[in-house]
Structure formats: structure tokens, C-alpha cells
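To keep things clear, I will list the structure first and then write my remarks on it.
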Amino acid sequence: MENRRLMIIVVVICLILQLQVHSSEAIWLNVPSSGTKCVSEEIQNNVVVLADYVVVSEIHSHIPTISVKVTSPYGNNLHHQENITYGQFAFTTQEAGNYLACFWLDQQKQGTGDINVNLDWKTGIAAKDWESVARKEKIEGVELELRKLEGAVEAIHENLLYLKSREADMRTVSEKTNARVAWYSVMSLGVCIVASELAMAVISSKPLGDLEFHVV
């Protein structure tokens, strides 16, 4: 009885932590007949990404084919497939930033109308194969849930460190921007003062009779 209560508590905590990590997302995409539909997600470094996608068509006898391309924040090609109706991509991030997945209809299928694509995008703990972990380490029940809980806590900790690093970077950029704005302000003020002094010198160097005054 006590073990059952403990397992229920652990499962509830795991669910709450996984919701906080926000590591799994199913997306329904409407891909236009001409053009590209893209989705992106900001992911930190050294995170496992796993995604499945499939074209959904009401006409089962004729399913249009698509092309898919996934790129890293620095533009590296991580996945590229053409003339397919379903597929999967998986990788471990090597760069922190926005990862982009783009879908479009194949050239010969364009103009046939919009299509729908179901994308199941998983990152971090949600992308981990817990069944393989359980078989390999011979764990189950409460012990397996505790292992999931440990993974969720580690994911949250890493995410907090990443956010802290981003905040420090943004603070540095903000401080540099403020310093440049202050320098430009001082420089502009100096230019205005020099210009006014030159104007006063020119006016003072001419006799009063040589100055022309225009009254409007």
C-alpha cells in the first residue's frame, strides 16, 4: 500500500516537472500549395531532438509528397528529404539557438491545394527511450519513475543554467549598447558646441555693418 502511494506521488511529480520542462510538442501544420511552412524552437546545446512527421490527407488513394529540411542556428543541414509522405529525424544539438524545420510540396505537386502535416517534436527527456533504459538497467516500477524524475530535474537545472547564461549575454549587450549611446551623445554634444563656437567666431569677426538681417 505504501509503495503504491509512493509510486502515485512520484508519477504526479514527474508529470508536473515534464510540463515545466516543455520538452514535447505535437504540431499540426498547414503547408501551402506554393511556398514553405517552417517551425522553429530555441534549444540549448547537447540536447537530444527526435521528431516524426506524416502527411495527412483525406484522399487515402492519393497522398501528396513533400520535401523536408532541418537546419541548425548556424545554417548547418541536419536533415533533408524529398518526395516523401512521412519520415523521422533525430540529432543531438551542437549549437544553442533556434532550430528550423521547413516543409513544402514537391514541385510536381504544387498547385493541387494546401495539405496538412502532423509533426511530433520531442526534445530532452521526452525524446529519451525509457523502455530501452529499463531493459538495459533492469529497472521498473517506482525505480523507473524515480529515474525519470531525476532526468526531469537535470533537464530543468540545465535549462535554468542556459537561461542564466542568456541573461548574462543580454546584460552584456545592453551595457555595451548603453555605453555606445552615451559616447555618441557626448560626441554629438561636442560637435554642436564646436559648431556654435565657430558660428560665434564668424559673427564676431565681421563688422556690425556687414551683417545682413532679414525680417520676415
Side-chain angles (χ1 to χ4, degrees), residues 17 19-25 27-49 51 53 66-80 89 91-105 107 110 114 117 119 121-127 153-216:
L17 288 174
L19 287 175
Q20 292 294 327
V21 173
H22 185 65
S23 55
S24 178
E25 186 174 6
I27 306 172
W28 188 269
L29 300 176
N30 182 260
V31 181
S33 58
S34 60
T36 303
K37 185 73 172 183
C38 297
V39 293
S40 66
E41 183 174 354
E42 185 174 356
I43 311 174
Q44 58 182 315
N45 188 30
N46 197 30
V47 173
V48 176
V49 178
Y53 54 89
I66 60 171
S67 296
V68 184
K69 187 175 182 180
V70 182
T71 55
S72 70
Y74 294 160
N76 296 321
N77 189 13
L78 302 174
H79 176 77
H80 188 195
F89 58 84
F91 57 88
T92 300
T93 59
Q94 303 295 327
E95 311 156 8
N98 282 317
Y99 284 78
L100 190 67
C102 293
F103 302 81
W104 65 92
L105 274 167
Q107 197 70 29
Q110 291 186 2
D114 298 354
V117 176
L119 173 64
W121 183 292
K122 299 178 182 179
T123 61
I125 187 174
V153 171
E154 291 178 356
I156 292 175
H157 178 66
E158 292 175 358
N159 191 42
L160 290 175
L161 292 178
Y162 173 68
L163 292 176
K164 185 177 180 180
S165 174
R166 286 293 304 275
E167 183 184 0
D169 293 340
M170 293 178 65
R171 189 184 304 114
T172 301
V173 172
S174 178
E175 291 175 353
K176 289 182 178 180
T177 303
N178 292 336
R180 289 177 180 175
V181 170
W183 185 82
Y184 284 127
S185 299
V186 172
M187 186 178 66
S188 300
L189 180 60
V191 170
C192 291
I193 292 175
V194 171
S196 62
E197 290 292 338
L198 290 175
M200 290 299 296
V202 171
I203 293 173
S204 300
S205 64
K206 290 186 177 182
L208 186 60
D210 294 339
L211 297 177
E212 297 180 359
F213 297 93
H214 300 276
V215 180
V216 180

Which heavy atom in V49 sits nearest to a heavy atom in T123, and how many Å separate them? CG2-CG2, 3.9 Å
Identify the two heavy atoms, one from K37 and one from P32, that lie closest to each other, and give their separation to 0.1 Å. CB-CD, 4.1 Å
If every non-hydrogen atom of A96 is compared with every non-hydrogen atom of N45, which pair is closest and at what distance? CB-N, 3.9 Å
Any donor-acceptor N or O pair under 3.5 Å, side chains Q94, N76: no
So does N46 get a backbone contact from the side chain of T93, meaning a donor-acceptor N/O pair under 3.5 Å? yes
Students often mix this up, so state it plainly: with edges at 30° and 60°, are the rings of H79 and F89 parallel, tilted or perpendicular? tilted
Look at E175 together with R171 and state whether they make a salt bridge at an N to O cut-off of under 4.0 Å. no
Backbone N or O of S72 within a donor-acceptor pair of the E95 side chain at under 3.5 Å? no
Distance (rounded to the nearest 0.5 Å) between E167 CD and T172 OG1: 10.5 Å
Check: W104 main-chain N/O paired with T36 side-chain donor or acceptor under 3.5 Å: no
Passing option when F91 is tested against V48, V47, V70 for side-chain contact (heavy atoms from CB on, under 4.5 Å): V70
Considering all heavy atoms, the nearest L100-S40 contact: CD1-CB, 3.7 Å
Rounded distance [0.5 Å steps], CD1 in I66 versus SG in C102: 11.5 Å
Output side-chain donor-acceptor pairs under 3.5 Å for residues 178-190, partner residues at least two apart or in another chain, one line each.
from: N178; atom 1: ND2; to: S174; atom 2: O; distance (Å): 3.2
from: S185; atom 1: OG; to: V181; atom 2: O; distance (Å): 2.8
from: S188; atom 1: OG; to: Y184; atom 2: O; distance (Å): 2.8

As an exercise, state the distance from OH of Y99 to CG of L78, rounded to the nearest 0.5 Å. 6.5 Å
